[in-house]
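In what follows, a single structure is set out as structure tokens and then discussed.
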2 protein chains.
Amino acid sequence: MTGRTRGEQTKAAIIDAALALFTERGFDATTMRAIAESAGVSLGNAYYYFRSKDELVQGFYDRTAVEHGERLPEVLDGLDGLADRLTAHLDLWFELMAPQHPFAVGFFRNAADPASPLSPFSAASAPARTAAIELMERVVEDAAPPVPATVRAQLPEVLWLYHMGVVLFWVHDRSVEQAATRLLVRRTAPMIERVVALADLPALQATIVDLTTLLADLKAMAG
Amino acid sequence: MTGRTRGEQTKAAIIDAALALFTERGFDATTMRAIAESAGVSLGNAYYYFRSKDELVQGFYDRTAVEHGERLPEVLDGLDGLADRLTAHLDLWFELMAPQHPFAVGFFRNAADPASPLSPFSAASAPARTAAIELMERVVEDAAPPVPATVRAQLPEVLWLYHMGVVLFWVHDRSVEQAATRLLVRRTAPMIERVVALADLPALQATIVDLTTLLADLKAMAG
DNA sequence: GTCTATAACTAGATAGAC
DNA sequence: GTCTATCTAGTTATAGAC
């Protein structure tokens, strides 16, 4: 994890210091000066490595995403149902992000700005977004019973949108250990599995086509 | 609109100046100093009336909400179907907020913080939230065919949540004149009407009960 | 050319005088 | 209610060391 070169070590030291201080006293209450001092570097030096306070957050968000990908196979192992797999996937995310929850709001304030590179919808986030959708692909692909072909192609991206919605809820969740978010997932994941299982019903074809074309149209307009 | 007392006049002058500058150059690029200067007051005086730059935005957001309530009966007049009434309601909101769209992101960045009084879910926003749900009540109550009793009680609040989701989308919408958001509403409102119409189907009772209790549980945990 | 340190600048927010 | 002076913290500029 700690890079070879001196610069990479400094960079890691700054992220570590920031993480510790954010956790201890929150995002807004942590000054760049305090981070630099705690990391044993100058203020100017901290800005040499991170162009802004937000970019610093991106640093350990990326770390977490990597760890999420690494540990996903292990938590999916032995789970067949789509709801179980989806719940395990999100539970792992909650577990990894739990320490950051107290200051997640400070982070997501900026992610809420679509013009910000931190936004999950921004061009700058495209690699991270693609990687996240690929994780959903892994959740979907080995599910049993298999996902109906009708919705198979779109499902990972739709589930990623669901994930983003859950994250939004999680950020706002003031309940103890974000129990409300866990409840939300435990109740909605089975609903999703149920609806997906019905995707081949003739009565639902019109609605599925409606939703699919709507998504395609919206994506086209967003470009 | 312009209050009698000198204080109310000053306050209105500050809001007007802020609105003009935000529209002209955006939220971030407009400094409190520029607003104060443009309004012909000192910086300290601007802070006497508005504790923060964000609170200033709340000022004309409240103005808009009042106007929305006043003009709603006129746009609902003659419309029967739930989808048509819902679409008209949201279209009016888009029309009133369109001038603010360019800097809406600066505003919603803070509304995304549940701890902020600007959040629609905050205790400070309770009056505005209740008023907004009452507007949805008006959309629902005279709809024809009438909404099934099974979901009638919860529907206004659920539709308000839908409205908040649409607003989130609208804020991020970079398409010309927010056409993507209008498309989203025009396509999803009929889906909502269709689903609501099916609320009395025995096959759906379990899911409706699930959703209702989930909402109730989440609200209980949020308190 | 890669890193580090210090000083200066900007803008949100506050304190205290009138 | 209104002002001026001041503080704080994010960010930038710049100069120097390895």
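Order of the sequence lines sets the chain letters (A, B, ...), proteins ahead of strands, with each chain counted from 1.
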>> For A:Phe22 and A:Phe103, take the angle between the two ring planes, folded into 0 to 90°, and tell me which bin it lands in: parallel under 30, tilted 30 to 60, perpendicular over 60.
In response: tilted
> Counting only heavy atoms not in B:Glu177, do more than 12 sit closer than 6.0 Å to its CD atom?
Replying inline: no
>> I need the CZ-C1' distance between A:Phe27 and D:dA9, as an integer number of Å.
In response: 12 Å
> Roughly how many Å is it from CZ in B:Phe50 to P in C:dG12, rounded to a whole number?
Replying inline: 15 Å
> Once you round it to whole Å, what is the distance between C1' of C:dA13 and CG of A:Asp28?
Replying inline: 13 Å
> Which nucleotide sits closest to the side chain of B:Tyr48: D:dT11, C:dT14, D:dT2?
Replying inline: D:dT2
> Out of C:dA5, D:dG10, D:dG1, which has the shortest distance to the side chain of A:Met32?
Replying inline: D:dG10
>> Side chain of A:Tyr49 only, heavy atoms from C-beta on: which candidate in C:dG12, D:dT2, C:dT4 is closest?
In response: C:dT4
> Is it true that B:Trp93 and B:Tyr61 have ring centroids separated by less than 6.0 Å?
Replying inline: no
>> How close do B:Ala180 and A:Leu218 get, counting heavy atoms only, and between which atoms?
In response: O-CD2, 3.5 Å
> Where the side chain of A:Ser42 is concerned, which of C:dT4, C:dA13, D:dT2 is the nearest nucleotide?
Replying inline: C:dT4
> Given D:dT11, is OP1 or OP2 found less than 4.0 Å from the side-chain N or O atoms of A:Tyr47?
Replying inline: yes
> Between A:Ala179 and A:Asp173, what is the shortest heavy-atom contact and its length?
Replying inline: N-OD2, 4.0 Å
> Between A:Ala29 and A:Arg51, which is nearer to the 5' end of DNA chain D once each is assigned its nearest nucleotide?
Replying inline: A:Ala29
> Is the number of heavy atoms from other residues, nucleotides or ligands within 6.0 Å of CD (A:Glu37) greater than 12?
Replying inline: no
> Which whole-number value in Å describes the distance from B:Leu43 CG to D:dG1 P?
Replying inline: 19 Å
> Could you state the NZ-P distance from B:Lys53 to C:dA11, rounded to the nearest angstrom?
Replying inline: 9 Å
> B:Val171 and B:His101: which non-hydrogen atoms are nearest, and at how many Å?
Replying inline: O-NE2, 3.9 Å
> If you find the nucleotide of DNA chain C closest to A:Arg33 and the one closest to A:Val41, which residue's nucleotide is nearer the 5' end?
Replying inline: A:Val41
> Taking only side-chain nitrogens and oxygens of B:Thr31, does any of them come within less than 4.0 Å of OP1 or OP2 of C:dT10?
Replying inline: no
> Between the axis at one end of the helix from C:dG1-D:dC18 to C:dC18-D:dG1 and the axis at the other (five pairs apiece), what's the angle to 10 degrees?
Replying inline: 10°
> What do the steps show when you test B:Glu141 against B:Arg152 for salt bridge (Lys or Arg N to Asp or Glu O under 4.0 Å), and what is the final call?
Replying inline: CA-CA 9 Å; B:Glu141 69 181 355; B:Arg152 174 70 189 276; 5.0 Å; no
> How close or far is atom C1' of D:dT2 from atom CD1 of B:Ile14, stated in whole angstroms?
Replying inline: 11 Å
> Does B:Thr10 put a side-chain nitrogen or oxygen below 4.0 Å from OP1 or OP2 of D:dT2?
Replying inline: yes
> What's the CD-C1' distance between A:Glu55 and D:dT11, to the nearest Å?
Replying inline: 13 Å
> A:Arg25 has an atom CZ; how far is it from atom P of D:dA9, in whole Å?
Replying inline: 10 Å
> Using a cut-off of less than 4.0 Å, is there contact between a side-chain N or O of B:Asn45 and OP1 or OP2 of D:dG1?
Replying inline: no
